[in-house]
Amino acid sequence: MKTVLAYLKPKMSAMVVQLSIKLGGSLVELLLPWMLSHIIDEVVPLGELSSVYLWGGMMVACAAVAWIGNVTANRMATSISMDFTRRLRHDLFHRISELTCGQMDDFTIPSLVSRMTSDTYNVHQMVDKMQRLGVRAPILLLGGLIMTFAMEPVLSLTLVGTLPLLGVVVWYVTSRSVPMYAKTQKALDTMVRKVQEMMTGVRVIKALSKVELEQKRFDEQNRELSERERAAGVLSAVTKPVMNLLLNLGLTLVIVVGAYRVDAGVTLPGKIIAFLSYFTIILNALMSVSKMFMIYSKGAASARRIAQVLESSREMPTLPRPRVETKDRVTFRNVTFSYHQNAPAVENLSFSIQKGETLGIIGATGSGKTTVLSLLLRFYDPDSGDILLDGTPVSAMEPEELYRHFGVALQNDFLMAGTVAENVGFCRPLASDELRRGLSIAQAAFVKSLDMPVSRQGANLSGGQKQRLLIARALASNPEILLLDDSSSALDYQTDAELRKALRRELADTTTLIVAQRVSSIMGAEHILVLEDGKSIGYGTHQELLNSCESYREIARIQLGEAV
């Protein structure tokens, strides 16, 4: 909570001015019932019309001052809260982009989406309403009580008797609603995840005729979210009717007691009218206070969720470590890694590749192939072992320094809505000739112009066309190290063969790591790593593995029909 509210510090001077204007307008507003009482009890009996006009004009002036002050203060509150939310969203997005893959896994993408959207909205509402109501409501409440005590102490006791009961109601609702709103936001995270899954897999859902099943699953999650929102809303809704009941009972007592006092000549009608006006002001102020507590309940729960992201530790700092003299471009030495401390995804893995060489990685699904590339890119840090790039540990390199060595086409990569040039260049300072060279090597002959439109996620392209654009993106910057994670699986065998020829011809000095399911995609590599359950069960050339690795020989026999 403190982390989030710290974003208000640059606006403290503006907030002081805004709150001062709000305070002045509220104090002036408190004078109006007293002035009305004075006119009725003191001015009217004199029979001087000029005095009535004078005091009436003063009331109009005070009402105008109060209105202008409130409008000005509200406009300033809106400006302050909008700037606060803008900077908060900016830093939250920046922090999310810096999260490690492990932290992303812990928070989950749907949760981060809802924190960026609904949670920041709730905090915005809290800051905005606290500025609007945080001064005005308490001033009107306390000021109204003071004025009523000054005018009619006896009648004020009927009002004061209801305040402890109102305080208990507000405390009970607030203490219960904050955790309920936190649970509601968690349910919202789950629903966002469900919607993302449904929209991403809409073609599969339709192809398998599972639309009704997905609708049922969504309805279940939607119902759970609705029930939690209803429970929190019902609890919060208790405040207003209970306060109305208590205050209206108090108002009835005031009228009855006031009538007896006027009849007995103890008080004047103007004071009773003013007292009723103050009673209405106090009633509205209490309603505003109760509304403020409800907004605070939601905002506080959301602020804590946002603070969890902003305060998350930088788990992968750059660690100064000595450089090792070596001729190898990429080295893995006894690397072991597990996701969330479960069974190792890779275990005791060692290999090395020199400049210009190619390493093919093959194995069954879940054998750890993609994990190897993720560790090299330092998306995760290994539990043990060393990963070296030109003899320098990747953990000792700044992210910008590390990533500029690579061209990457990952297994689950993305295309954005725009043109081919925007997707292949991806905001890098690359010339048109470099983009066309990347497209040429990637066998993207279907691209007739760099201005060719691309839909979101490449919806207007086939699977093979999307993969060729992704490969062109990786090749356009002429990288020192090329990582291809099953990025040619949608290509036909002839196009795949042409791609491999072009890579050998145009990128002879580039070190390449290829994760593949096809033996044909990696059989020409200088090194082939065969993985099974995260362990290396074979390492060598294609011919060496045919002679020494039973698993690789079986894969080659099935795919290529080679003799065992």
Side-chain angles (χ1 to χ4, degrees), residues 1-11 78 80-131 174 176-200 218 220-233 236 292-316 339-340 379-380 399 412 414 416 456:
M1 185 70 173
K2 291 181 180 179
T3 302
V4 174
L5 294 182
Y7 282 83
L8 289 173
K9 287 184 177 179
K11 292 292 182 178
T78 299
I80 292 170
S81 58
M82 287 178 62
D83 183 70
F84 159 82
T85 308
R86 178 186 60 80
R87 290 185 293 109
L88 178 62
R89 284 198 182 113
H90 174 274
D91 287 358
L92 181 59
F93 182 84
H94 183 69
R95 183 69 194 98
I96 289 173
S97 67
E98 291 181 335
L99 292 175
T100 66
C101 291
Q103 290 173 317
M104 284 277 194
D105 296 341
D106 292 336
F107 282 115
T108 75
I109 299 298
S111 177
L112 292 172
V113 170
S114 64
R115 291 173 203 237
M116 272 291 301
T117 52
S118 64
D119 282 324
T120 53
Y121 173 76
N122 289 340
V123 174
H124 168 82
Q125 286 292 99
M126 179 182 69
V127 172
D128 184 55
K129 298 303 182 184
M130 287 297 176
Q131 291 179 87
T174 304
R176 293 285 301 275
S177 59
V178 170
M180 292 181 72
Y181 280 121
K183 291 180 180 178
T184 299
Q185 290 302 114
K186 289 183 180 180
L188 179 62
D189 293 346
T190 306
M191 193 178 76
V192 171
R193 175 183 60 79
K194 186 66 222 166
V195 172
Q196 284 184 323
E197 290 175 351
M198 184 178 64
M199 295 178 69
T200 302
F218 176 79
E220 291 175 356
Q221 185 56 48
N222 191 25
R223 189 177 300 109
E224 180 184 352
L225 175 60
S226 298
E227 288 175 354
R228 292 189 177 185
E229 288 181 334
R230 181 182 59 80
S236 299
M292 193 165 56
F293 274 110
M294 286 188 286
I295 294 172
Y296 172 80
S297 298
K298 297 180 70 173
S302 294
R304 280 195 284 269
R305 284 163 50 86
I306 293 173
Q308 287 175 352
V309 179
L310 294 176
E311 295 172 357
S312 58
S313 61
R314 270 70 171 176
E315 292 186 348
M316 301 179 72
Y339 294 98
H340 303 294
F379 291 162
Y380 301 91
N412 296 314
F414 76 100
M416 60 184 178
R456 180 179 176 273

>> If the condition is side chain to side chain donor-acceptor pair (under 3.5 Å), which residues does Ser118 pass it with, not counting sequence neighbours?
In response: Gln185
> Should the heavy atoms of other residues, nucleotides or ligands under 6.0 Å from CZ of Phe379 be counted, would the total exceed 12?
Replying inline: yes
>> If you compare all heavy atoms of Val4 against all heavy atoms of Phe84, which two are closest, and at what distance to 0.1 Å?
In response: O-CE1, 3.3 Å
> Should Met180 and Arg228 count as side-chain neighbours, where that means a heavy-atom distance under 4.5 Å?
Replying inline: no
>> So, taking the atom named NZ in Lys129 and the one named NE2 in His124, what distance separates them when rounded to the nearest 0.5 Å?
In response: 8.5 Å
> Where do Met126 and Tyr296 come nearest, in terms of heavy atoms and distance?
Replying inline: SD-CD1, 3.9 Å
> So which heavy atom on Leu225 is nearest to which on Ala187, and how close?
Replying inline: CD1-CB, 3.8 Å
> With a 4.5 Å limit on heavy-atom distance, are the side chains of Tyr380 and Asp105 in contact?
Replying inline: yes
>> Using a strict threshold of under 4.0 Å (side-chain N to carboxylate O), is an ion pair present between Glu98 and Arg95?
In response: yes
> Hey, are the side chains of Phe414 and Arg456 touching, using non-hydrogen atoms and a 4.5 Å cut-off?
Replying inline: no
> What's the shortest heavy-atom distance between Met191 and Phe218, and which atoms?
Replying inline: CG-CE1, 3.9 Å
> Hey, what do you get for CZ (Arg305) to CZ (Phe107), rounding to the nearest 0.5 Å?
Replying inline: 10.0 Å
> Can you name the side chain to side chain donor-acceptor pair (under 3.5 Å) partners of Ser302, sequence neighbours left out?
Replying inline: Asp119, Asn122
> Are Asp83 and Arg87 close enough for a salt bridge, meaning some N to O gap below 4.0 Å?
Replying inline: yes
>> Quick one, Ile96 and Met104 - any side-chain contact, counting heavy atoms below 4.5 Å?
In response: yes
> Any donor and acceptor pair, going by atom type alone, linking the side chain of Gln103 with main-chain N or O of Ser313 inside 3.5 Å?
Replying inline: yes
>> Does Ser111 form a side chain to side chain donor-acceptor pair (under 3.5 Å) with Arg115? I'd like the steps, not just the answer.
In response: CA-CA 6 Å; Ser111 177; Arg115 291 173 203 237; 2.8 Å; yes
> How far does CD1 of Ile306 sit from CG of Leu88, to the nearest 0.5 angstrom?
Replying inline: 5.0 Å
> Does a salt bridge link Glu227 with Arg223, judged by any charged N lying under 4.0 Å from a carboxylate O?
Replying inline: no
>> Taking the side chain as everything from C-beta on, heavy atoms only, tell me whether Leu99 gets closer than 4.5 Å to Leu112.
In response: yes
> Sub-3.5 Å donor-acceptor pair from the side chain of Gln131 to the main-chain atoms of Val127, do we have one?
Replying inline: yes
> When rounded to the nearest 0.5 angstrom, what is the spacing between OG1 in Thr117 and CG in Leu92?
Replying inline: 10.0 Å
>> Please enumerate all residues that pass side-chain contact (heavy atoms from CB on, under 4.5 Å) together with Thr78, with sequence neighbours excluded.
In response: Met82, Asp128, Arg132
>> Nearest 0.5 angstrom please: Arg304 CZ to Gln308 CD, how far?
In response: 9.0 Å
